Undergrad: 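I am attaching a structure below and will ask some questions about it afterwards.
Counting convention: from 1, in listed order, for ligands and their atoms alike. Since the structure is predicted, the reported quantities are computational estimates derived from the model, not experimental observations. Atom set for the values below is all heavy atoms of this structure, side chains included, hydrogens, waters and symmetry mates excluded.
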Amino acid sequence: MPKVVTRFAPSPTGHLHIGGARTAIFCWLMARHYGGEFHLRIEDTDLERSKQEYTDSILASMRWLGLDWDGPLNYQTQRAALYNQYVDRLLESGQAYWCSCTPEEVEAMREDARAKGLKPRYNGRCRHRDVGPGEGHCVRLKAPLSGKIVFEDMVKGTIAVDVSELDDMVIRRADGMPTYNMAVVVDDYEMGITHVIRGDDHVSNTPKQILIYQALGLPVPTFGHVPMILGPDKQKLSKRHGARAVIEYQNDGLLPQALVNYLVRLGWSHGDQEIFSLDELVKLFDGGSLNAAAAAFDPNKLQWLNAHYMRSLPVEELASLTMPFVAAAGFPDVSPEQVEALCPLFRERASNLKDLAAAFRPLLVSAADLATADADLPKVAKALTDEACAHITALRAELERVDFGDAAALEQAIQDYVSGNGLKFKQVGPPLRAALLGYIGGPHLHEVMHFIGREETLRRMGAERLDSLKARIAAAGL
Ligand code: GLU
């Protein structure tokens, strides 16, 4: 097999969205699987909508996803002269011609075809008129008059289009700029692309591009058109479905490996396997097994996968990824050691880094800043009976004697208090959680105590803290 060269060709008219990201991942995986090359090309010819900030953002998202590219970045706006050399070549060989028809005239031809029940098309008027260059003249490809364009799509199978469906397309506009399809063909040829994987919104461009390859006598690459990603309701994917730009997932604390794993499975499968490491994907993804049917986006599955990757990361790595989120949650001075100690306490319960960092709050604020959310208040009120408060006070006295540097000793002290007084754990556990954390839930109590330390634990179990909790309960009328 000759060297496999793929490319991703985003238009910088917005941030990288999950549909584009998935295409990029497929192209990258295929190149890496075959030990080939993966190129990146910025299709910025829409001058009004293209912005450098979007190019920067797309590149940042590619890097974050781990999709490195080979060779230089190509910007289409810098390559117009190159494209026009190929247009000139077609003019010289008689495969293209100058056309002086005005837009109004072309529209009239289309109208005419429509009226006859035919596909609206340019009628080839300038084909034999030998018009030559001039003000307002464009260049058109001389398309064959009959026959079929047939190609074997990697995803969709055989696709055949009758050339009568196409007309003599413009390859260079009257303003001298090459058209989109012309640019793409020249780029893909010049970049040595062997496999073009892209969204199936481009499938109608492919026969036109094949005509250009044929006219230039260039080898036609293999095409693969992947179906759009749909929402869970099978409608076009949108924000309403929780689908967002890659950068938004990053800001919400998703792990890139979770997003890559999720997106790959959304259009490709390997048996029933759901979880793949990147190495495994590179090994398995050979460009086959791409689903022709559109897949539906499922935000819950993405969260599930992310939770899986968060649990499987080494704790130091999870901690270092969580650090910026801790700072953003309002705790810029927390040390890496502290975050490393906190991560194992909460990671089972969080499905993204942002939630994980937010969960640290009760362990990082001082007793006076502990808050109880309205939603948690009824449970807190139920747990914090007078009897429960008396247990907290009595346990507090026992804890004075315990070494807080030893989490196991703290656990033992709580156990001893419960069993020594003939109690059930639930008579002590929930009210103690309310006192220490402000809600009923969270990590093991002895781990919380071990982290916040003796002074803070005793403060949170003290009369002042219990009174303020009771006042909050009373104020809510509970
Ligand atoms: N620039 C096109 C897009 O963003 C991709 C074209 C292609 O892959 O050929 O949809």
Undergrad: With respect to R41, determine whether any N or O atom, backbone or side chain, lies less than 3.5 Å from an N or O atom of ligand 1.
TA: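 R41 vs ligand 1: no N/O contact under 3.5 Å.
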Undergrad: Which residue supplies the protein heavy atom nearest to atom 3 (C) of ligand 1, what is that atom called, and how far is it?
TA: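 Atom 3 (C) of ligand 1 sits closest to the protein heavy atom H202 NE2, 3.5 Å.
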Undergrad: Between the side chains of D187 and R7, is the shortest nitrogen-to-carboxylate-oxygen separation below 4.0 Å, so that they form an ion pair?
TA: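 No salt bridge links R7 with D187.
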Undergrad: Does a side-chain N-to-carboxylate-O contact under 4.0 Å join E190 and R79?
TA: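 No.
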Undergrad: Looking at Y249, is R244 sitting on its ring face, NZ or CZ under 6.0 Å from the six-membered ring centre and within 45 degrees of the normal?
TA: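 Satisfied, under 6.0 Å and within 45°.
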Undergrad: Among all the protein's non-hydrogen atoms, which is closest to atom 6 (C) of ligand 1, and how far away is it?
TA: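 Looking only at protein heavy atoms, the one closest to atom 6 (C) of ligand 1 is Y180 OH, 2.8 Å.
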Undergrad: Using 4.0 Å as the upper bound for N to carboxylate O, is an ion pair formed by R32 and D68?
TA: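 Judged by the 4.0 Å cut-off on N to carboxylate O distance, D68 and R32 do form a salt bridge.
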Undergrad: Can a salt bridge be assigned to the pair K283 and E280 using a cut-off of 4.0 Å between side-chain N and carboxylate O?
TA: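 So K283 does not pair with E280 through a salt bridge.
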Undergrad: Any atoms of ligand 1 less than 4.0 Å from a non-hydrogen atom of E43? List them with their elements.
TA: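 Reading through ligand 1 atom by atom, the close ones are 1 (N), 2 (C), 5 (C), 6 (C).
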Undergrad: Step by step, work out the side-chain hydrogen bond (donor to acceptor under 3.5 Å, both in side chains) result for Q52 and D56.
TA: CA-CA 6 Å; Q52 186 60 40; D56 296 342; 3.0 Å; yes
Undergrad: Can you list the atoms of ligand 1 that are under 4.0 Å from a heavy atom of R7?
TA: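 Result: 7 (C), 8 (O), 9 (O).
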Undergrad: Less than 4.0 Å between a side-chain N and a carboxylate O, is that true for R114 and E107?
TA: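 Salt bridge present between E107 and R114.
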Undergrad: Judging by distance only, is a nitrogen or oxygen of I197 under 3.5 angstrom from one on ligand 1?
TA: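 Among all N and O atoms of I197, none is under 3.5 Å from an N or O of ligand 1.
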Undergrad: Under 3.5 Å between any N/O of D201 and any N/O of ligand 1: does that happen in this structure?
TA: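 Among all N and O atoms of D201, none is under 3.5 Å from an N or O of ligand 1.
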Undergrad: Taking only heavy atoms of A9 into account, list the atoms of ligand 1 that are under 4.0 Å away from them.
TA: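 Counting atoms of ligand 1 from 1, those under 4.0 Å from A9 are 1 (N), 2 (C), 3 (C), 4 (O), 5 (C).
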Undergrad: Could you check whether any heavy atom of G199 sits closer than 4.0 Å to an atom of ligand 1, since that is the contact criterion I want to use?
TA: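 Under 4.0 Å: no for G199.
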Undergrad: Once you restrict to heavy atoms under 4.0 Å, what part of F223 touches ligand 1? Side chain, backbone, both or neither.
TA: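 No part of F223 comes within reach of ligand 1.
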